[in-house]
2 protein chains.
Amino acid sequence: MKLEAAFGLSRYMSQPDCNDSMSGSRRGEGSLTRIKCQGCAVRTASLCSEVSDECANAIGRAFHRRRVPAGQVIYSSDQKNKIFAVVISGVVKLTNVRPDGRQQIVGLQFPAEFVGRPYSGTSNLLAEAASNLELCCFSGDAFEAIMRRYPELEGALLKRTLDSLDNAREWMFMLGRKTAHERVASLIYMIAERLTHPGNRKEPMETCRFESPLSRTEMADCLGLRLETVSRQLALLKAKGVLASSRNRTFDVRSMSELRRWSESPVE
Amino acid sequence: MKLEAAFGLSRYMSQPDCNDSMSGSRRGEGSLTRIKCQGCAVRTASLCSEVSDECANAIGRAFHRRRVPAGQVIYSSDQKNKIFAVVISGVVKLTNVRPDGRQQIVGLQFPAEFVGRPYSGTSNLLAEAASNLELCCFSGDAFEAIMRRYPELEGALLKRTLDSLDNAREWMFMLGRKTAHERVASLIYMIAERLTHPGNRKEPMETCRFESPLSRTEMADCLGLRLETVSRQLALLKAKGVLASSRNRTFDVRSMSELRRWSESPVE
DNA sequence: GCCCCGAGTTGATCGGCATCAAAGGCTCAA
DNA sequence: TTGAGCCTTTGATGCCGATCAACTCGGGGC
């Protein structure tokens with residue numbers, strides 16, 4: 001018997017704010033979590049995999065699945081009710097937006113990664129669905145209660161936050177010191193790597209093909225460039241044979257090693 | 001009787017690698033930590049203030065004080081023995097350096113802040129003393145042992161790591177979207193704020209004066225600019241009356257509110 | 001088929017910061 | 001006092017990416 005069927009995609013409603021009716025607060029024996037999470041595509045890579053069974057059960061009792069269409073806001077700093085989530089599929093973008101209209105994408109959360117800001121900080125970020133999403137969501141209260149009860153969860157979050165910080169600092173180098181050509185190559189390389197190996201870091205395939213979660217404007221907002229510049233640099237990479245010509249959002253990487261090389265050498 | 005005297009600056013040796021002889025592993029009753037940490041300038045703001053007495057005692061038993069002269073490396077990614085520390089005084093810079101010579105400063109750690117990367121990640125950072133430092137140091141083994149024994153420490157670290165991530169993301173906006181003029185104003189504002197209010201965030205004074213921990217080259221490496229550009233933008237800020245003319249590393253801010261305004265508006 | 005609309009591409013020009021160059025100022029030592 | 005060496009400032013010029021503008025492409029509605 002396939003347990004996935006009972007929790008498969010067909011059960012999700014298309015309304016963005018509807019919760020899966022099987023989730024919620026019904027008290028469960030230990031095996032409930034096992035059943036609920038069995039079909040989860042990211043269960044071996046997400047933070048749930050790092051905590052004790054008891055903590056995992058508490059998580060299993062509190063989450064609800066949610067689908068979010070591309071473009072919809074997941075949270076913004078001006079709303080009070082916090083939300084936390086693990087990305088099941090799709091990509092979340094974190095944007096720093098200013099009153100004068102300038103904006104910078106400061107983070108992308110891929111499947112198995114965590115979304116949300118515990119201990120409300122000073123940051124002023126907007127989290128949006130870059131593509132259609134499936135999320136494993138927690139209300140702020142529920143998640144914080146679990147965190148207080150199971151400090152090990154803080155440890156798991158700490159590891160992931162440190163990884164995010166490493167990523168952010170790598171990105172800072174790009175924003176401060178790389179040329180436009182390197183930036184575009186870096187972004188495509190990063191997306192290819194993280195889309196094809198969610199959660200863990202393996203050697204990437206030499207060729208790959210994927211749908212970009214980002215438009216040209218969004219790529220530019222990631223890279224500190226304008227969309228015209230992104231477009232030109234993509235044309236250059238195609239001319240070099242690193243990318244194959246394909247439709248707008250479809251990327252066809254012919255050589256990941258070449259792409260990586262271009263992402264680190266300033267000359268054209 | 002002044003306890004500070006017993007642990008005052010006069011006891012520090014000038015050799016960078018010498019440890020304070022009073023620190024170390026002598027088993028202590030609860031009050032030992034209280035005595036050792038009593039004179040600590042950052043004890044109310046650092047992460048030690050957020051943990052239980054028992055955990056604080058374990059920390060108190062494990063640390064050693066260390067002075068580090070400006071310019072010296074604290075840790076680099078190629079060395080295996082890890083180190084962790086709380087900054088007592090001075091500023092630590094975290095630099096992302098590449099083989100081709102390009103570099104970007106991706107973090108500054110001020111007094112009361114934490115230095116070190118638990119759970120060794122993928123990042124390739126160099127931590128150096130930007131100014132003369134006093135550190136409260138832990139060996140990698142000692143610190144990780146305490147962390148395993150007292151998970152609450154992970155919670156305290158999580159809070160600080162999340163704050164660092166917020167800071168990094170704010171900095172990413174600067175690197176991606178601000179003009180040279182805004183960048184220089186942002187940096188001076190940030191340094192002034194953090195130097196004059198170590199640890200906590202209050203409204204800054206309208207005027208202030210401080211010694212910069214950074215040379216022009218280092219400021220440029222923070223901002224993704226060249227040192228000549230930094231110099232020109234500083235001249236502009238002086239011409240506007242936001243900064244008063246003073247010697248190279250002495251900054252004399254005449255109006256923090258004006259400085260903040262210039263750090264957010266793209267026009268000159 | 002038709003138009004419309006938004007996203008992306010390509011071209012022409014502009015401007016801000018980098019780059020190259022030289023001079024000023026401070027510290028230290030002889 | 002003088003000169004060396006380093007950091008910083010200031011000036012002249014050039015280039016990369018921004019900006020403005022026109023065009024192409026593809027999809028959807030009628």
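Values below: all heavy atoms of this structure, side chains included; hydrogens, waters and symmetry mates excluded. Reminder, nothing fancy here: chain letters follow the sequence lines and each chain counts from 1.
The interatomic distance linking A/Leu227 (CG) with D/dT19 (P) rounds to 11 Å, in whole Å. Distance, B/Glu211 CD to D/dC7 P: 17 Å, rounded to whole Å. The separation between B/Leu236 atom CG and C/dG16 atom P is 12 Å, rounded to whole Å. Remark: C1' of D/dC16 and NE2 of A/His181 are 13 Å apart, rounded to the nearest angstrom. With rounding to whole Å, B/Lys178 atom NZ is found 14 Å from C/dC17 atom P. Rounded to whole angstrom, the span from the CZ atom of B/Arg177 across to the P atom of D/dA18 amounts to 8 Å. The distance from atom CG of A/Leu175 to atom P of D/dG17 is 13 Å, rounded to the nearest whole Å. For the pair B/Arg216 CZ and D/dC6 C1', the computed distance is 14 Å after rounding to whole Å.
Phosphate proximity of D/dG26 to A/Arg247: absent, as no side-chain N or O sits under 4.0 Å from OP1 or OP2. Taking side-chain N and O atoms only, A/Thr229 has a distance below 4.0 Å to OP1 or OP2 of D/dA18.
Ranking D/dG17, C/dG8, C/dC17 by closeness to the A/Thr179 side chain, first place goes to D/dG17. Listed nucleotides D/dG27, D/dA18, D/dT8 differ in distance to B/Ser215; the shortest reach to its side chain belongs to D/dT8. Out of C/dT9, D/dT10, D/dG17, the shortest distance to the side chain of B/Ser231 is found at D/dT10.
Contact of B/Glu228 with C/dC20 (side chain to base): a donor-acceptor pair of N or O atoms is detected under 3.5 Å. At a cut-off of 3.5 angstrom, the base of C/dT19 holds at least one donor-acceptor pair with the side chain of B/Arg232.
Taking CZ of B/Arg177 as the start and CZ of A/Arg98 as the end, the distance is 12.0 Å to the nearest 0.5 Å.
Between B/His181 and B/Trp262, the angle of the ring planes goes over 60°, which puts this pair in the perpendicular group of the 30/60° scheme.
The side-chain heavy atoms of A/Cys208 and A/Met256, taken from C-beta on, include a pair separated by under 4.5 Å.
Along DNA chain D, the nucleotide nearest A/Val230 and the nucleotide nearest A/Asn248 are compared for position; the residue whose nucleotide lies closer to the 5' end is A/Val230.
For the residue pair A/Glu182 / A/Thr179, a side-chain donor-acceptor distance below 3.5 Å is found, with atom types taken as modelled.
Across all strands shown, B/Leu225 has heavy atoms under 4.0 Å from sugar-phosphate atoms exclusively, and none from any base.
When the options B/Val92, B/Val91, B/Asn132 are evaluated for a side chain to side chain contact (heavy atoms under 4.5 Å, CB included) with B/Pro213, the one that passes is B/Val91.
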